[in-house]
Amino acid sequence: MKTDQFPQEAIVRNLLDQVLVRALEGLGAHTGTIFLRDPAGEILDMEVSVGLPPEFVGPLRRLRLAGTASDPVVEAVRERHLVWVRSGEDLARRYPAPAMLMPYDRAQVFVPIMAGETVWGAMVMSFPHGRSPELGTDERRSVWSSARCAGWLLRGAAEAGSRLTPSPVPRFLPGVESAAVDPTGSHPAADFLRRLPEGACCVDANGRITFIDRTSAGLLGLGAQSIPGLRGSVLCEAVPWLRRAGYEDRHRAAVFSMLPTSFTAVRPGGGRLLFQLYPDPTGVSVRIRETGDRGDAPAPRDMKEETSASRLRVVHHLLHLAGSLTQAATAGEVADLAAEHFLLAFQAQTVALLVPEAGRVRIIGHRGVGAELLSRFDRKPLTAQLPSVFGLTTGAPAFFASRQELCASGGATADDGMSAWAYLPLIASGYPVGTCVLGYDRPHRFPSEERALLTSVSALIAQALERARQYDAQQQVAHGLQAGLLPRHLPVVPGLQVAARYLPASHGMDIGGDFYDLIRLSATEAAAVIGDVQGHSVRAAGLMGQVRTAVHAYAVAGAAPGEVLARTNRLLVDLEADLLVSCLYAHLDLTRRTAHLATAGHWPPFLRRPDLRTELLDLPPGPLLGVDPAAEYPSVQVALPDGTVLAFYTDGLIEIPGTDHAVGTTALCAVLSHAGRLPHDIADALLARAQPTGNRTDDTALLVLRAEATA
């Protein structure tokens with residue numbers, strides 16, 4: 001097609017609008033949106049939307065295709081397939097982040113706009129409540145047909161040299177306004193409305209008044225004389241106190257979900273008004289009436305009730321929770337955060353997080369849960385007929401508005417003081433990883449919007465919990481492997497008292513390479529060794545095991561300290577380990593009361609003499625193991641009279657952020673000189689001084705030796 005034969009940009013946009021409108025009409029959808037891909041292919045920009053006010057969709061105007069965030073529009077474009085979301089709860093389970101932005105109950109379809117193999121954008125359509133939860137074959141065919149029509153339109157424009165790029169500002173097409181009735185005229189409908197004690201008002205999807213009668217104007221404090229100037233104005237701007245009453249939130253919920261909703265508000269001058277909102281694709285009809293102090297008849301059963309907490313407070317807590325979950329490392333931290341924020345955001349009285357473990361249910365966190373509830377849930381088999389267990393086995397949420405409903409389900413075994421429950425399965429990677437249980441001390445109806453919010457938040461918690469439990473499991477494996485590579489028991493050597501400590505770093509799941517050992521060479525001789533393999537990884541741990549084995553073999557063979565390190569060094573060079581190793585080796589002769597020490601780039605030991613004078617030994621330095629195959633390691637002899645203490649350590653003991661090494665070693669010398677006589681007491685004192693808070697930035701190994709007189 002030649003360029004001059006193809007419509008101009010404005011005509012292309014108009015045709016795109018028509019494709020969307022006709023798709024909505026053909027499928028019975030009440031809102032629709034088209035996103036266009038930017039020229040770089042990294043962003044989806046909202047191009048046109050039908051039936052949605054601009055202020056409703058602010059956070060969704062631009063969607064980034066890169067990254068790991070889960071979003072149905074992005075998924076449709078990335079995977080080039082149709083995404084069907086049957087309800088608000090379904091959206092919350094599968095896509096918690098967008099569901100938190102718009103927690104309204106509606107069915108939606110997301111489809112890529114394609115022509116050939118090129119994806120030009122995406123089309124989104126929302127359906128009113130009450131339709132089938134499944135998208136039929138004919139409906140799917142119609143959705144794809146509309147999307148392909150838009151795709152070929154965009155492809156044709158591009159081939160003609162007029163590629164349609166996203167508009168700087170999205171276009172919002174208004175719905176069809178209702179025909180207004182002049183309440184001051186003589187129309188029979190106007191006469192009918194005037195006689196009723198309740199008010200009638202109509203607003204469009206943007207909240208602008210299309211009709212208001214005298215009764216409504218009077219109830220809202222506007223006066224009949226203001227009616228002519230009200231049409232076209234936003235209701236909550238004409239009546240500012242409606243904002244405080246939550247009108248905007250209820251109006252938005254009605255427009256998105258196409259479900260009736262209601263709320264009550266207190267007028268500035270006193271008196272309560274009941275607002276009932278009935279939506280359709282053209283707008284919202286609002287009934288307004290006084291409720292009086294005596295109360296009033298309940299709203300229809302299909303009406304959504306106002307949530308128990310204000311939207312602003314709920315959003316604040318949920319945003320705080322979402323941010324905090326990114327910082328939570330362990331399952332316990334996730335459980336504590338979830339319990340705290342669920343109570344505050346949803347005004348529950350009890351909350352508990354349950355996970356499956358060895359065929360049973362285990363509570364990993366709770367708030368406001370008494371002994372009876374703990375016994376009711378904790379350690380129950382997964383075969384128990386309880387709603388909490390059903391959530392773990394089936395992945396289906398359960399809501400009980402009253403104790404009668406819970407009893408009817410078989411879930412109430414005793415009077416726990418609660419009158420309503422929500423059981424929220426925590427689904428991650430397609431399977432249940434836990435259940436969050438909320439309890440209320442009064443009946444609670446759980447309107448659909450609140451259910452969607454609860455389900456959305458539980459999905460975020462599930463992802464954090466899965467990540468945290470993997471962290472816990474990997475950390476447990478790492479620490480178990482670390483412990484398996486270290487000596488379980490140190491040998492008994494006459495004339496020598498020994499204490500050893502190994503403390504992994506407080507943060508991180510990787511295994512470290514710190515090691516120590518005490519080797520009995522004869523009845524009166526022993527070898528002490530401590531070292532540190534560079535890095536934190538399985539490779540570091542494996543090399544640590546090789547170094548420890550090599551040192552042990554050369555020591556038992558009778559090699560001198562310098563020769564033990566030299567042979568181990570040559571072995572590491574031959575292995576081409578690519579990791580550096582520091583090591584300190586000492587040969588202890590308890591008959592002659594001497595120690596011969598050699599170091600391969602390791603920290604020198606602390607020496608406390610019998611008179612309690614303490615110093616850091618000055619050893620001739622030797623290079624790290626695994627660097628130079630010809631390296632030599634000189635040794636130094638130190639006397640070991642009775643009561644002498646040697647303290648070997650790795651850098652986790654002295655490397656404290658913000659502290660100079662010299663200052664740290666000086667302080668530890670002072671601690672050692674007053675630390676008591678027994679090696680275990682000495683080890684505890686050194687660790688308490690170096691790590692008073694227990695927060696360790698690196699692994700720490702410590703080996704304390706004390707020479708003593710033999711009988």
Side-chain angles (χ1 to χ4, degrees), residues 53 56 104 129 175 177-185 187-307 310-311 445 447 449:
F56 284 18
Y104 308 112
H129 180 77
E177 291 188 356
S178 304
V181 176
D182 181 6
T184 61
H187 195 283
D191 297 333
F192 169 78
L193 292 174
R194 256 197 305 269
R195 299 185 189 106
L196 296 178
E198 61 185 34
C201 177
C202 292
V203 296
D204 62 15
N206 295 287
R208 299 186 181 279
I209 299 171
T210 59
F211 165 78
I212 186 170
D213 68 357
R214 292 183 177 181
T215 305
S216 293
L219 291 172
L220 295 174
L222 299 175
Q225 69 279 3
S226 65
I227 291 178
L230 289 175
R231 183 171 179 178
S233 62
V234 178
L235 180 58
C236 62
E237 292 179 357
V239 189
W241 55 267
L242 280 178
R243 277 202 174 97
R244 299 191 300 273
Y247 164 78
E248 289 177 302
D249 181 51
R250 296 293 89 207
H251 174 258
R252 183 175 303 195
V255 170
F256 269 108
S257 66
M258 288 289 107
L259 283 172
T261 184
S262 65
F263 69 98
T264 58
V266 179
R267 290 181 294 191
R272 298 175 65 85
L273 296 179
L274 173 64
F275 292 78
Q276 296 173 317
L277 284 67
Y278 296 88
D280 74 3
T282 67
V284 180
S285 295
V286 185
R287 294 173 61 188
I288 308 171
R289 56 183 171 135
E290 291 182 302
T291 63
D293 294 335
R294 65 185 185 282
D296 212 309
R301 290 182 60 86
D302 62 343
M303 284 206 164
K304 296 172 65 181
E305 299 176 350
E306 185 180 11
T307 55
S310 71
R311 169 61 55 81
R445 287 185 55 84
E449 180 182 329

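For clarity, every value in this text was computed on a predicted model and none was experimentally measured.
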J.: In the structure I gave you, are the side-chain heavy atoms of Phe263 and Leu277 within less than 4.5 Å of one another anywhere?
T.: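 Yes, at least one pair of side-chain atoms sits under 4.5 Å.
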J.: Any heavy-atom pair between the side chains of Val203 and Arg208 that's under 4.5 Å?
T.: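 A side-chain contact is absent here, since even the closest heavy-atom pair is not under 4.5 Å.
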J.: Measuring from Ile209:CD1 to Glu237:CD, what's the distance to the nearest 0.5 Å?
T.: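 The CD atom of Glu237 is 10.0 Å from CD1 of Ile209, to the nearest 0.5 Å.
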J.: Do the side chains of Arg267 and Glu290 get close enough for a salt bridge, i.e. N-O under 4.0 angstrom?
T.: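 Judged by the 4.0 Å cut-off on N to carboxylate O distance, Arg267 and Glu290 do form a salt bridge.
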J.: On the 0 to 90° scale, with breaks at 30° and 60°, tag the Trp241-Phe275 ring pair as parallel, tilted or perpendicular.
T.: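 It falls in the perpendicular class, over 60°.
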J.: Judged by atom type as modelled, is there a donor-acceptor pair below 3.5 Å linking the side chain of Thr210 to the main-chain atoms of Asp204?
T.: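 No; judged by distance alone, with no hydrogens or angles, the pair does not exist.
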J.: I'd like to check Pro281 versus Met258 (side-chain heavy atoms, cut-off strictly below 4.5 Å). Are they in contact?
T.: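 They are in side-chain contact.
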J.: For a 4.5 angstrom cut-off between non-hydrogen side-chain atoms, does Leu235 reach Leu220?
T.: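 In short, these two side chains touch, coming nearer than 4.5 Å.
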J.: Kindly give the heavy-atom pair with the smallest separation between Glu248 and Cys236, and that separation in Å.
T.: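 It is OE2-SG, 3.6 Å.
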J.: What pairs of residues pass the salt bridge (charged side-chain N to carboxylate O under 4.0 Å, His left out) test when at least one of them lies in residues 257-266, not counting sequence neighbours?
T.: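 Counting only pairs at least two positions apart or across chains, no salt bridge (charged side-chain N to carboxylate O under 4.0 Å, His left out) contact touches residues 257-266.
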J.: Could you tell me whether the side chain of Asp213 and the main chain of Ala200 form a donor-acceptor pair under 3.5 Å?
T.: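 Checking the backbone N and O of Ala200 against the side chain of Asp213, a donor-acceptor pair under 3.5 Å is found.
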J.: Would you mind telling me which of Val286, Leu273, Ile288 makes a side-chain contact (heavy atoms from CB on, under 4.5 Å) with Ser216?
T.: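 Among Val286, Leu273, Ile288, the one meeting side-chain contact (heavy atoms from CB on, under 4.5 Å) with Ser216 is Ile288.
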J.: Should Ile227 and Ile212 be marked as a side chain to side chain contact (heavy atoms under 4.5 Å, CB included) after you check the CA-CA gap, both sets of side-chain angles, and the distance that decides it?
T.: CA-CA 7 Å; Ile227 291 178; Ile212 186 170; 4.2 Å; yes
J.: For the residue pair Pro279 and Val284, establish whether any side-chain heavy-atom pair is separated by less than 4.5 Å.
T.: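 Yes; the side chains approach each other to less than 4.5 Å.
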J.: Tell me which one of Leu219, Val234, Leu222 satisfies side-chain contact (heavy atoms from CB on, under 4.5 Å) with Val239.
T.: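 Per the side-chain contact (heavy atoms from CB on, under 4.5 Å) rule, the option paired with Val239 is Leu222, out of Leu219, Val234, Leu222.
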J.: Nearest 0.5 Å, please: how far is OG in Ser262 from CZ in Arg287?
T.: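 Output value for this atom pair is 11.0 Å.
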J.: Indicate yes or no: at least one non-hydrogen side-chain atom of Leu274 is less than 4.5 angstrom from one of Gln276.
T.: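 Yes; the side chains approach each other to less than 4.5 Å.
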